[in-house]
K.L.:
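After the structure tokens below, expect a handful of questions from me.
Along the sequence shown, residues carry numbers from 1.
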Amino acid sequence: MQKKAVILLSGGLDSATVLAIAASEGYECHTISFDYGQRHKAELDFAAALSKQLRAASHRVVQVDMSQIGGSALTDTNIDVPTSGVEENEIPITYVPARNTVFLSYALALAEVIGADDIFIGVNAVDYSGYPDCRPAFIEAFEKMANLATKVGVEGRHLHIRTPLIDLSKAEIIRTGSRLGVDYALTVSCYQADSEGRACGVCDSCRLRKQGFASAGVEDPTLYQDACVSDGC
């Protein structure tokens, strides 16, 4: 039987690359996205398109309204998305409290139900925004917990949290995805993308994305709200 994997898919550049990697390794891919009260809901449309383009076996959108908790510029519209960069050694206001812990928990439940031993997530410890739940130590701890907390883990099957991008730069991620046929025009990374998925071009995520394409020597297919952002006018 073909081995199965659950892929956390946000609709962004990194998770699209992770899906392509898992597919290239022969996994039957089951994607899971989250409507968590994020201000950039357009990413969910992109996630659905990516799942179709990269031939995922199934795609789910789970409702988890983290805007009821707030505490992040991504889930509280009263907090501005920063556009002036992130201070070194400071966790930015775009960090969503416990987000990856919550998302991985749902992915873990799905993996146990469908018989998948591998969960893929696009966390990155090189070109990342200072989020504590993107660190290798967090992933290692969650995997240990997953094997203690599940029926399959107790019965002797080992569940793995796969992080193929953890040590890659944004440019290396883009080169990898391009080689695997990812259409990055079907991705959006912006923290405040509009309803059509057009990027602001000035938030931290947009800056990392633009810099990544430039460093990779790959044309940036991103649609921007302001044409001058991409044209340099």
K.L.:
Taking NZ, NE, NH1 and NH2 as the nitrogens, is one of them in Lys170 or Asp14 under 4.0 Å from a carboxylate oxygen of the other?
P.N.:
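Salt bridge: yes.
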K.L.:
Are Phe46 and Leu9 connected into the same hydrophobic cluster when the rule is that any two of I, L, V, M, F, W, Y join if their side-chain heavy atoms are below 4.5 Å apart?
P.N.:
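Different hydrophobic clusters.
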K.L.:
Would you call Glu143 and Leu159 a side-chain contact if the rule is heavy atoms closer than 4.5 Å?
P.N.:
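Side-chain contact under 4.5 Å: no.
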K.L.:
Tell me, do Tyr131 and Arg99 make a side-chain contact under 4.5 Å, heavy atoms counted?
P.N.:
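When only atoms from C-beta onward are counted, Arg99 and Tyr131 do touch, with a gap below 4.5 Å.
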K.L.:
Among Ser15, Ser51, Ser58, exactly one meets side-chain contact (heavy atoms from CB on, under 4.5 Å) together with Thr31. Which residue is that?
P.N.:
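Among the candidates, only Ser51 passes.
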K.L.:
Partners of Ile21 by side chain to side chain contact (heavy atoms under 4.5 Å, CB included), sequence neighbours excluded?
P.N.:
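For Ile21 the side chain to side chain contact (heavy atoms under 4.5 Å, CB included) partners, ignoring immediate neighbours, are Thr17, Glu25, Pro164, Leu165, Thr176, Leu180.
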K.L.:
Listed by chain and number, what are the salt bridge (Lys or Arg N to Asp or Glu O under 4.0 Å) partners of Lys41, not counting sequence neighbours?
P.N.:
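Listed in chain order: Asp35.
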K.L.:
Short question: side chain of Arg209, backbone of Cys190 - any donor-acceptor pair under 3.5 Å?
P.N.:
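Not at all, since once roles are kept as given, no pair shorter than 3.5 Å links the two residues.
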K.L.:
When you group the ILVMFWY residues by side-chain heavy-atom contacts below 4.5 Å and let the links chain together, are Ile32 and Val102 in the same group?
P.N.:
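As far as the 4.5 Å side-chain criterion goes, Ile32 and Val102 are connected within one cluster.
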K.L.:
Quick check: do His40 and Gln192 have side-chain heavy atoms less than 4.5 Å from each other?
P.N.:
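Contact flag for His40/Gln192 side chains = no.
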K.L.:
List the residues meeting salt bridge (Lys or Arg N to Asp or Glu O under 4.0 Å) with Asp194, not counting sequence neighbours, and say none if there are none.
P.N.:
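With sequence neighbours excluded, Asp194 shows a salt bridge (Lys or Arg N to Asp or Glu O under 4.0 Å) to Arg198, given in chain and number order.
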K.L.:
Please round to the nearest 0.5 Å and tell me the distance separating atom CG of Leu208 and atom CG of Leu13.
P.N.:
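Spacing of CG (Leu208) from CG (Leu13) equals 10.0 Å.
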K.L.:
Give a yes or no answer on whether the side chain of Gln2 reaches the backbone of Gly26 with a donor-acceptor pair at less than 3.5 Å.
P.N.:
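Yes.
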K.L.:
Show your working on side-chain contact (heavy atoms from CB on, under 4.5 Å) between Arg39 and Thr75 and close with a plain yes or no.
P.N.:
CA-CA 6 Å; Arg39 65 199 304 160; Thr75 57; over 6 Å; no
K.L.:
Should Leu54 and Val18 be regarded as members of a common hydrophobic cluster, given that ILVMFWY residues are connected when their side-chain heavy atoms come within less than 4.5 Å of each other, either directly or indirectly?
P.N.:
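Cluster IDs for Leu54 and Val18 match.
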K.L.:
Phe34 vs Phe103 aromatic rings, parallel, tilted or perpendicular, using cut-offs 30° and 60°?
P.N.:
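It falls in the parallel class, under 30°.
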K.L.:
Aromatic rings Phe138 and Phe142: how do their planes relate, parallel, tilted or perpendicular, breaks at 30° and 60°?
P.N.:
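Taking Phe142 first and then Phe138, their aromatic rings sit tilted (interplane angle of 30° to 60°).
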K.L.:
Checking Ser72 against Ile79 for the side-chain contact (heavy atoms from CB on, under 4.5 Å) test, could you report, in this order, the C-alpha distance in whole Å, the side-chain angles of both residues, the deciding distance, and whether it holds?
P.N.:
CA-CA 7 Å; Ser72 168; Ile79 302 174; 6.0 Å; no
K.L.:
For Glu155, is there an ion pair with Lys151 - N to carboxylate O distance below 4.0 angstrom?
P.N.:
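So Lys151 pairs with Glu155 through a salt bridge.
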